[in-house]
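Beneath this line is the structure, given in structure tokens, with notes to follow.
Both counts, for ligands and for their atoms, begin at 1 and track the order of listing. FYI, the numbering just counts along the sequence from 1. Because the structure is a prediction, the values reported are computed rather than measured.
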Amino acid sequence: MTRISVLAMGGTIAMAPVATGGVAPALDAESLVAAIPELAGSGVEITARTLRSLPSPSVGFDDLKALHAAIAAELADGADGVVVTHGTDTLEESAFLLDATVDTPAPVVVTGAMRHPTAAGADGPANLLAAVRTAADTAARDLGVLVVLNDEVHAARHVVKAHTTSPAAFVSPGTGPLGLLVEGAPALRRLAPVRPALPIPANTPRIGLFTISLGDDGEVLRLAAPALDGAVLAAVGGGHVPAAMVPAVAEAAARIPVVLTSRAGAGPVLTGTYGYPGSEIDLLARGVHHGAALHPLKARLLLHLLVADGAAREQVGAVFARYR
Ligand code: ASP
């Protein structure tokens, strides 16, 4: 019998009303599983464990370290796949960090809910059922970490939360989902996982994330840079900053790794189209790393892993190049 381990981290999927108003994490992993009668006769053996009961804005690197260890322990203990339930606000970040660090061909699927369990049309049970079915399917092996919500299967590498309330909030801009669940079964296209996996960090470097906007003169970056171990620029368009910002970027890049991504939200950073001050050609020539096609939030996590691991400059560039 296929065995799937469900690890609960909290989030709306596990929330209940509180006396002070609104909802907050309350339900454990067993209750989430017990709410899905279909699981009982599905031929899948489920084990459920509550690791955290957190709203996802408060999930931190230590929590992800514990989650990483729990996933490894479940797989070592014979689980065929793992499902993580997690708040949706930072789900794309946790899923990406796991994708970059969990070294297994077994399916690891992250899910959550946009509507809490007592709301009409709560999507948690359907999402958890779809996640378990995906994790139990051999077609989901060796695809990297997957994110399943709204009957869609996304690669952690591509997915973002793009709406604050819609049950269809999770999308993969520029690539689309890897597949859909149809009549309860995942139909997936292949995606080679990014390997080798990186070590889970033992320390917590400080990586700044700067969204560049019209009129930015670089002063915020210049003031922050001395306190940073690395920086990610969510630059405009194909990877550009205002000319006035170039000296601050160059100064920072001489001291710490600086990675160029785009705030546009889809598509790769350019390499050889624009040649003006502040363009991608200019910034890359000044030692800024190319952020490939990674979303700025994911680039920040990848740089976090690399800096924590003491990666040399060339290694930073080589690892980011895997995400083209
Ligand atoms: N604020 C909630 C959280 O991220 C939202 C959710 O889970 O959908 O924990």
(message) Suppose I only count heavy atoms of Gly11 and a 4.0 Å limit; which atoms of ligand 1 are within that range?
(response) 7 (O), 9 (O)

(message) Given Ala169, Ser56, Ala24, identify the one with the heavy atom nearest to atom 9 (O) of ligand 1.
(response) Ser56

(request) Decide, yes or no, whether a salt bridge links Arg3 with Glu74 under the criterion of side-chain N to carboxylate O below 4.0 Å. (result) yes

(message) Quick check on contacts: which atoms of ligand 1 are under 4.0 angstrom from a heavy atom of Gly87?
(response) 3 (C), 4 (O), 7 (O), 9 (O)

(request) Could you tell me the residue and atom name of the protein heavy atom closest to atom 5 (C) of ligand 1, and the distance to it rounded to 0.1 Å? (result) Thr12 OG1, 3.1 Å

(message) For His240 and Tyr274, take the angle between the two ring planes, folded into 0 to 90°, and tell me which bin it lands in: parallel under 30, tilted 30 to 60, perpendicular over 60.
(response) perpendicular

(request) Heavy-atom distances under 4.0 Å are what count here, so tell me which part of His86 touches ligand 1: side chain, backbone, both or neither. (result) neither

(request) Please could you name the atoms of ligand 1 that Pro55 approaches to less than 4.0 Å, counting only its heavy atoms? (result) 9 (O)

(message) Any carboxylate oxygen within less than 4.0 angstrom of a Lys/Arg side-chain nitrogen, looking at Arg195 and Asp103?
(response) yes

(message) Between ligand 1 and Met15, can you find any atom pair, the residue atom being a heavy atom, that is separated by under 4.0 Å?
(response) yes

(message) Quick test of your reading of the model: are Asp123 and Arg115 salt-bridged, counting only N-O distances below 4.0 Å?
(response) no

(message) Salt bridge or not between Arg286 and Asp282? Use side-chain N to carboxylate O under 4.0 Å.
(response) yes

(message) What I want to know is whether Ala113 and ligand 1 share at least one N or O pair that is separated by under 3.5 angstrom.
(response) yes

(request) Taking the six-membered ring for Trp and the single ring otherwise, decide whether the centroids of Phe96 and His295 are under 6.0 Å apart. (result) no

(message) Between Phe170 and His154 (judged by ring centroids, cut-off 6.0 Å), do the two rings come close enough to count as a pair?
(response) no

(request) Among all protein heavy atoms, pick the one closest to atom 8 (O) of ligand 1 and tell me residue, atom and distance. (result) Thr88 OG1, 2.5 Å

(message) Going by the closest heavy atom to atom 1 (N) of ligand 1, which one wins out of Leu91, Asp89, Asp123, Thr90?
(response) Asp89

